[in-house]
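Chain identifiers are assigned alphabetically (A, B, ...) following the order of the sequence lines, protein sequences preceding nucleic acid strands; residue numbering begins at 1 within each chain. Just so it is clear, the structure is predicted and the values come from calculations on it, not from any experiment. Both backbone and side-chain heavy atoms feed into the values below; hydrogens, waters and symmetry mates do not.
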Amino acid sequence: MSYLAIKDLTVRLKNGVPLLRKVSLEVEAGEVRALVGESGAGKSMIGKAVLGILPRAARLTGGKILLDGEDLLTLPPKARRERIGAKAALIPQDPLTALNPSRRIGPQIIDRLVDILGWKRPKAEARALELLDEVHIQDPGRVMKSYPHELSGGMRQRILIASAFAAEPKLIIADEPTTALDVTVQKQILKLIREMQERHQTALLFVTHDLGVVSKVSQTLTVLYAGKVIEDTNVRAFFEAPAHAYSQALLAATPKYTDPDGSLMPVPESIITAVEQEVAAFDAQLNG
Amino acid sequence: MNAAVSDQIYKVQDLRVSFPDLSKKPLFGAAPRTQVLKGLTFDVAKGDVLGIVGGSGSGKSTLGRAMIRLLDPDSGSIRFEETEIAHLREDDLRPLRKHFQMIFQDPMSSLNPRRQVGGIIAGPLRLQGFDNIKVRVGEALEMVGLPKSFETRYPHELSGGQRQRVGIARAIALKPDFILADEIVSGLDVSSQAQVLNLLEQLVRELGLTLAFVSHDLSVIRRLCSRILVLHHGEIVENAATAELFDNPQAAYTRTLLDAIPLPDPDQVWA
Amino acid sequence: MPDARGQIRRLPGLRLWLSGGWLLLLVLAAIFAPMISPHDPLEQDLFAARLPPFWEQGADPAYLLGTDSLGRDLLSRMLYGARLALTVALVAGTLTCLVGATLGLIAGYYRGWADLVISRLVDIWMAFPPVLFAILLIAVLGTGLTSIIIAIVVIDWTRFSRVVRAEAMSQGAMDYVASAQVAGRSRLGIALAEILPNVLPTIVALLTLEMGIAVIVEAILSFVNLSISTDQPTWGGMIAEGRTSIYQAWWVLVFPLFALFLTVLSFSQLGEGLKDYFDPVLR
């Protein structure tokens, strides 16, 4: 049984426009699955649906989300929030807005442990120090006393990773966690996420638009277009030869400086038309 | 190799730029200044496509904006063609501005949301005293591959890639000698990224443009540029022809940058 | 995919119609007051004092909304009162807007010493309690329509300059301003052609809000008898008079109050509606 299993998940805007079209996917403990797609593909929406933080305009209209074998959507709201809080966590995209700018780092991590796990403060504080050390922050004592603006972007992202792992969740959703960072910092952060994930044997759902990043962090991947699953495969097979024509075009469009003539190819109009038609046909089948 | 003077479109010498650091401003008195560009010297040859690469805070965007005098350098010299522009007043710069243009990173914020596409492209033409404006607007749209009907659209009605094409059309409509492109594909999806790059490549070829392409992405730069400046903390750490830089990077920072790029290839091993 | 912003654009329609309708009615009333008023607003008839509105017991159908304690026709007084209220709203509102928005635009876009001077001035200005300030000004200038208008402009321009300055500053940091500079547009040209149109929706919303505020300020000044000569009917003056006879004749207080309330509300709603209308992204 996979730790996270999503079945036929459908999310619509209030006016009925679908954002996710019967998405199904699974992530096992210790597995990293990448969610890939261009803007508007709905890749972030999946993570938000799992964590129960869909935007106001969106509505979950069908499907199942099984977390550790339990269907979250059948639980009453309070129980659902508790389950998610204890078993799942988020590494957000923007390390600047994800931390409260007017509070010191220490209390922001400690509060999570006190609130979610009901720990006593001294224990939580010791654990916070240990976590900061685990994400390779030098002088964790000083960082605990710092305000977010006093730290670099990479440092803040390390803290968010530490705080995501703080309550020992078995599922982590990382939503474009390195998009705002420089490549050199991105490399360190990606390595750190992998290291933490392997050590804790967490199931990791990694949302990204960058196939280069996918090849570095994940074992499996789901390619989305307009909220529909286009391809669900493992990394090795995908980078050898993507099965779907759209995935092939996406891979050929991805920059690769070692292959200047074979990368950064525009996605042909015909492929976009074809995949649009595929989505329309899928919709017709659903409604008809 | 010493090129003749007329082959250089830009000669930049000991360029220094600083900004006030408001986070360190004392309660009374002026904020201390942070050096962003620490004495840069380089030339740009006519017809070159110059990549300017570096991490955030390297000063790459500041350098670009100083070259077209969107900001005032502290000291140093910027010679554009035959004119020293580093310290010219805005009134004296204005007649020169049609020769160097810019394409912006975020087309949503660089296109006035209250103007239609036609007006956006026509504005600079009108200001610089061009004739046959309607014809020129049509030509510019055609060159960037947008239909003429787009003239009456508003920026928010376009996709990201289309907006960026409008930004390019506005710059090339003036037939400038030099264009600065500041991170113009970083906000786009990979599919439109490749299209915009192809378009730029084609325009450089057809119009004989000189282009400075500011980017954080060496893969994109390799595709487009003939020369590359690598900036780190406001200094040039490497200035080399593209092939040379990728075959045999000299600066340690260039190598770090190259090593950190995640290639779409599971066999690439990260040290 | 349809834009979410497209879906809310139908909403402002109704409130634009309702508020615009009431204000149009008011404008017509003000213009044609001499023709449509059933009575002379100043004519007293002590035999017909405190007559209730038409639906109450003992009403006289000649006085539709009843009379006050001096026997003056309430409807006629309200129609004439609308003249003053609207004049103050339009003239004072527009002048306040012109002064405040211009200073705000200069401070926000040109920055530098102009900003320094204007911003300090605003800070000092805002430290005065506005009502006291107004009473003080009227005391110096003397009562009368012009004095009221001057008082409102002098007190309220800061409201515009603060908001417009902040808005102009954030617009000034946008790349389309840099791109206008690259295109060779002058500073003044950028301020007028690039910044102003983008600040305009905010200015329009503030302007209508200010018109409502002007109506209130005029009413307050009339209420404390500092507006204009007592022989000209004003809503504020009527409210003041009605207050003394609230237990005998509630209508003397309630009708002008209701008109005042509806007018101020309509101005602010009109502003919200127009703001959306002026925004091409929402249109």
Considering only heavy atoms from C-beta outward, does the side chain of [X] approach that of [Y] to under 4.5 Å?
X: A/H209; Y: B/V190; value: no
X: B/R222; Y: A/D259; value: no
X: A/Y257; Y: B/L263; value: yes

Nearest 0.5 angstrom please: [X] [atom1] to [Y] [atom2], how far?
X: B/W270; Y: A/K191; atom1: CH2; atom2: NZ; value: 8.0 Å
X: A/K216; Y: B/I261; atom1: NZ; atom2: CD1; value: 11.5 Å
X: A/E269; Y: B/Q195; atom1: CD; atom2: CD; value: 7.0 Å

Grab the two heavy atoms, one from A/K187 and one from B/A260, that are nearest each other, plus how far apart they are.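 In terms of heavy atoms, the two residues are closest at CD-CA, 3.7 Å.
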At their closest point, which heavy atom of B/A194 faces which heavy atom of A/L264, and how far apart are they? CB-O, 3.2 Å
CD of A/E195: more than 12 outside heavy atoms within 6.0 angstrom? yes
With a 6.0 Å cut-off (strictly less than), is the heavy-atom count around NE2 of B/H233, excluding the residue itself, greater than 12?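 For B/H233, atom NE2 is not crowded (no more than 12 foreign heavy atoms under 6.0 Å).
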Picking from A/I272, A/V267, A/T179, which has the most non-hydrogen pairs under 4.5 angstrom with chain B?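 Max contact count across the listed options: A/V267.
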Heavy-atom contact with chain B under 4.5 Å, split by part of [X]:
X: A/L181; value: neither
X: A/V214; value: neither
X: A/S218; value: neither

For [X], which atoms come within 4.5 Å of any heavy atom of chain A: side chain, backbone, both, or neither?
X: B/L258; result: both
X: B/D217; result: side chain
X: B/L197; result: side chain

Evaluation steps, side-chain hydrogen bond (donor to acceptor under 3.5 Å, both in side chains), between B/D265 and A/S215: CA-CA 6 Å; B/D265 174 4; A/S215 77; over 6 Å; no
Between B/G160, B/S192, B/P262, B/P264, who has the most heavy-atom pairs with chain A when the cutoff is under 4.5 Å?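 Max contact count across the listed options: B/P264.
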If only side-chain N and O atoms count, and only distance matters, is there a donor-acceptor pair under 3.5 Å linking B/D189 with A/S39?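 Result is yes, a qualifying pair exists.
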